[in-house]
Amino acid sequence: MTTNLDYLRQLNPSQRSAVEHFCGPLLVVAGAGSGKTRALTYRIIHLIRYHKVDPENILAVTFTNKAAREMKLRIERTFAGEICQEKHEKPFEALKESEQKSLLSQVYRCVTKKLWIGTFHGLCSRILRYDIGKYRDEKGRTWRSNFSIMDESDVQSLLKNIVTKQFNLDEKKFDARSIRYSISNAKNLGLSPDDYLKEHSYPKGRIIAEVYQEYQNQLCANNAVDFDDLILIPVRLFQQNESVLGYWHNQFKHILVDEYQDTNQIQYDLIRLLGTNGETDRTQWDWRNRSIFVVGDADQSIYSFRMADFTILLNFQKDFGDGLPDADTRTMVKLEENYRSRENILEAANKLIENNTQRIDKVLKATRGSGDTIGFKVTRDEQEEAEFVVSKIKEIKRNNPELNWGSFAILYRINSQSRPFEDVLIKSTIPYTIVGGFKFYDRQEIKDAVAYLRVIANPADTVSLLRVINTPRRGIGKTTIENLLKASQELSIPLWEIISDETSVNTIAGRAAKSLNEFSKLLQDLHGKIEELSASEILTEVMESSGYIEELRLQGTEEADNRLENIFELSNAVLQYQEDNEDITLQGFLSSASLASDLDNLKEGEERVSLMTLHSAKGLEFPIVYLVGLEQGLLPHSRSLNDPLSLEEERRLCYVGVTRAQEQLFLTYAKERYVWGNRETKIPSQFLEELPQELLDTGRGKQTTKRSTGSKIVAVKSKSAPNDSKEWEVGDRVLHPTFGEGKITNVFEGGRRISIAVKFDALGNKILDPVIAKLQKLN
DNA sequence: GCTCTGTTTGTTTTT
DNA sequence: CAAACAGAGC
């Protein structure tokens, strides 16, 4: 019997060699629209169908939950199609509906269900539900499997409390936000509080290390972890426990990572540990029946603020691969044919990204006709910008009956730019969805409901307990709570243990004792039934019995009705979760809820105009794209203007936007816009100049993209720079201790900092800080 | 113990 | 121009 491998015929040679790769490492450098998702999906199918790999042994990491869901769906469908051909010798579509259904559910049971597909965070939380009990950090802290995942605002208030109440620090110097950022960065580099202290001995660093230490204490006391811990803890656990690592190493024989350019250090550590079983000597690596397969595009790396580091991708060949030059390597495949966009759009994208220095050379090759020129519009302000875009949408839709509202996307740099577009869309009664901004799970009533569920699942979660202890109002006031907290601190036991003991409550709480005991009884009751009741039953029960629903009903205002509606929506989400997953436990639902993103709501086939940030648009495509707000200070964002590295990231962001478009792309720029309630005059984005001017169509013939002189923020000079940067000049040969010899191709001056771009003979372009990198000038 | 209101503060991007 | 917060009044 010849296995029917129909899917291979749909691939070009490079895609095919990626899909047919079996064991060992492979880097797939995949340009925008080059069919990388297809390569990834088909490779998984090929592993199972052709190489007979057990789906259980495949780990595929995607960037979003949505991407994971879609990949599963595609695998399921393709698989069903293949099996159908093989068994019945007819296409899947020819089956009766009932046969289709039963085939799909069979594929689900044998394949999709067993695959480990998800985001780093989702997959790691799954691993932790098995193994977190085996972890012990360097201070001896431990966690239990019913841990809570703290959301960003919980973390924020926890930290604020530590900074202001416990440490009495100056809030100006140590605001919770920047401390959170430091801690998160530390965790993404794999640093514990002690490690952090070692690396930062200066006074401020020492204090941050102390706050970090105390923050860990409190997470532990709440039996809670934050987002970063979801990845950090497995890595640490694997490092300290050989047998746990061995188990998961053995489980995951084939590891696939999508969007590899946006992984950070700790995620890399995780992949490396799983792939190599922690063996550092690469001659000892055993690739029999194993592989690491990563897909990415350095030009689309846009998450460095989250510590993503695309040099991890650039180093793949050195790390895992054979390190041979491009022409000879067997561990890298480049996908350069673009199946998405019209040639004009690609040309613009290619021209734009050429201005970046640090990249793997790669050109998107068009496979479709040239298409229209790129629309460009200068408007008076953001209001006119929105009106222009919406009227254009209407016009194009009218002239192209095959398009629906879902064919259009409006992309912007920051969420607050959506406002005027929403207004105009509403006025025109055009359906739209807005991705990002305020999430469903950020709504007050949803957070209340979820907090109830979290306390029931994990009574040690004092943060959630405090949120609901007096919601709805049951006469448990500030002083009562403070007394209870004091008691719990003195006895160093969780608040919950005080509250669940009637005698203690009666002693401490006084007037509030009665309602406190009722409250505690309700939660205790449900906590006891956690095994026997489903998540949705618990939700309904707690919302009714706590009086939460009743209070909203009594209010009768429009707002209260809205909240009731949302709670109803939440219970639908729970039911949906139970439908989609075998796991109907409360904890299962709670972790999926914590990790849910707004992007998950974006459904294909929904005929609505999409509004989202450029970050959210990654991985998506639309026939018609409006990339708006192309102004200095917005795109590129003002915070990147004096740092060449961030500026390159902004350019990549713009590149991501441009390459989302299939048929047509519009760019807009508003001369004035409200910033912080003030009108501000804006100058055009420098990226506009970098695009091929002949492709820009202003609709009137005359080009108006020239910027006023003197507005260049980043000076690129070769000679006679006014300050002492003349030490480094374009054309100089230099020697770097690790990168070797190279030639300076650019000198950037931004404020006090100087960066230079060097093309190394062996390693290609890199941007360096000459003060940090110990560069030597050669003559 | 709870609500209202004036003041302050701050905006990139997100799993 | 928000939202979030603190302090005063009920």
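Just so it is clear, the model here is predicted, and its values are computed rather than measured. Letters A, B, ... are given to chains in the order of the sequence lines, protein chains preceding strands, and every chain is numbered from 1.
- Base-pairing analysis of DNA chain B finds the following stems of at least three consecutive Watson-Crick or G-U pairs, with both pairing distances under 3.5 Å: B:1-10 with C:1-10.
- Residue contacts for Phe120(A): at a heavy-atom cut-off of 4.0 Å it reaches no nucleic acid atom on any strand shown.
- When the salt bridge (Lys or Arg N to Asp or Glu O under 4.0 Å) test is applied to Arg272(A), no partner is found at least two apart in sequence or on another chain.
- Note that Arg236(A) lies outside the cation-pi zone of Tyr135(A), set by a 6.0 Å cut-off to the ring centre and a 45° limit from the axis.
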Nucleotide N/O to protein N/O under 3.5 Å, stretch nucleotides 4-9 of chain B:
none

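- Taking Phe305(A) as the reference, Tyr303(A), His615(A) meet the ring pair (Phe, Tyr, Trp, His ring centres under 6.0 Å) condition, with sequence neighbours excluded.
- Applying the salt bridge (charged side-chain N to carboxylate O under 4.0 Å, His left out) rule to pairs touching residues 259-268 of chain A yields Lys36(A)-Glu259(A), Glu259(A)-Lys618(A), Asp262(A)-Lys618(A), sequence neighbours excluded.
- Of the N and O atoms on the side chains of Gln166(A) and Gln218(A), at least one donor lies less than 3.5 Å from an acceptor on the other residue.
- For the P atom pair drawn from dA4(C) and dT13(B), the interatomic distance equals 15 Å after rounding to whole Å.
- Scored by the ring pair (Phe, Tyr, Trp, His ring centres under 6.0 Å) test, Tyr212(A) finds no partners at all (sequence neighbours excluded).
- Checking the phosphate oxygens (OP1, OP2) of dT14(B), a side-chain nitrogen or oxygen of Thr613(A) falls inside 4.0 Å.
- Heavy atoms of Tyr303(A) sit under 4.0 angstrom from primed sugar atoms or phosphate atoms, though from no base atom.
- Atom-to-atom, NZ of Lys618(A) to C1' of dT15(B) comes out at 11 Å; the value is rounded to the nearest Å.
- Atom CG of Leu627(A) and atom C1' of dT13(B) are 14 Å apart (whole Å).
- The distance between atom OH of Tyr441(A) and atom P of dT14(B), rounded to the nearest whole Å, is 18 Å.
- Taking only side-chain atoms of Phe305(A), from C-beta outward, the nucleotide of dA6(C), dT13(B), dT15(B) with the closest atom is dT13(B).
- Partners of Phe666(A) according to the ring pair (Phe, Tyr, Trp, His ring centres under 6.0 Å) rule, which considers only residues two or more places apart in sequence or in another chain, are Tyr626(A).
- Proximity of Thr64(A) to the phosphate of dT14(B): no side-chain N or O atom is located under 4.0 Å from OP1 or OP2.
- Among the nucleotides dT14(B), dA6(C), dT11(B), the one closest to the side chain of Arg639(A) is dT11(B).
- Applying a 4.0 Å cut-off to non-hydrogen atoms, the residues of residues 414-423 of chain A that approach DNA chain B are Ile414(A), Asn415(A), listed by residue number.
- We find that CG of Asn185(A) is positioned 17 Å from P of dT14(B), with the value rounded to whole Å.
- Listed by chain and number, the residues in a side-chain contact (heavy atoms from CB on, under 4.5 Å) with Asp175(A) are Arg177(A), Ser178(A) (sequence neighbours excluded).
- OP1 or OP2 of dG1(B) sits under 4.0 Å from a side-chain N or O of Thr480(A).
- Using a 30° and 60° split on the angle between ring planes, Tyr260(A) and Phe316(A) fall in the perpendicular class, above 60°.
- With sequence neighbours excluded, the residues satisfying side-chain hydrogen bond (donor to acceptor under 3.5 Å, both in side chains) with Asn223(A) are Asn146(A), Asn458(A).
- For the pair Arg177(A) and dT11(B), the criterion of a side-chain N or O lying under 4.0 Å from OP1 or OP2 is met.
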Under 3.5 Å, which donor-acceptor pairs do the side chains of residues 417-424 of chain A form with other protein atoms, sequence neighbours left out?
unit_1	atom_1	unit_2	atom_2	d
Gln417(A)	OE1	Arg413(A)	N	3.0
Gln417(A)	OE1	Ile414(A)	N	3.0
Ser418(A)	OG	Asn415(A)	O	3.1
Ser418(A)	OG	Glu422(A)	OE2	3.2
Glu422(A)	OE1	Tyr432(A)	OH	3.3

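- Between Asn470(A) and dC2(B) there is a side-chain polar atom (N or O) within less than 4.0 angstrom of OP1 or OP2.
- Remark on DNA chain B: of its neighbouring residues Arg473(A) and Ile302(A), the 5'-side contact belongs to Arg473(A), judged by nearest-heavy-atom nucleotide.
- With sequence neighbours left out, the side-chain hydrogen bond (donor to acceptor under 3.5 Å, both in side chains) criterion links Trp248(A) to Asp131(A).
- Residue Asp262(A) contributes atom CG, which lies 13 Å from atom P of dT14(B) at whole-angstrom precision.
- When the P atom of dT14(B) is taken as reference, atom CZ of Arg180(A) falls 16 Å away, rounded to whole Å.
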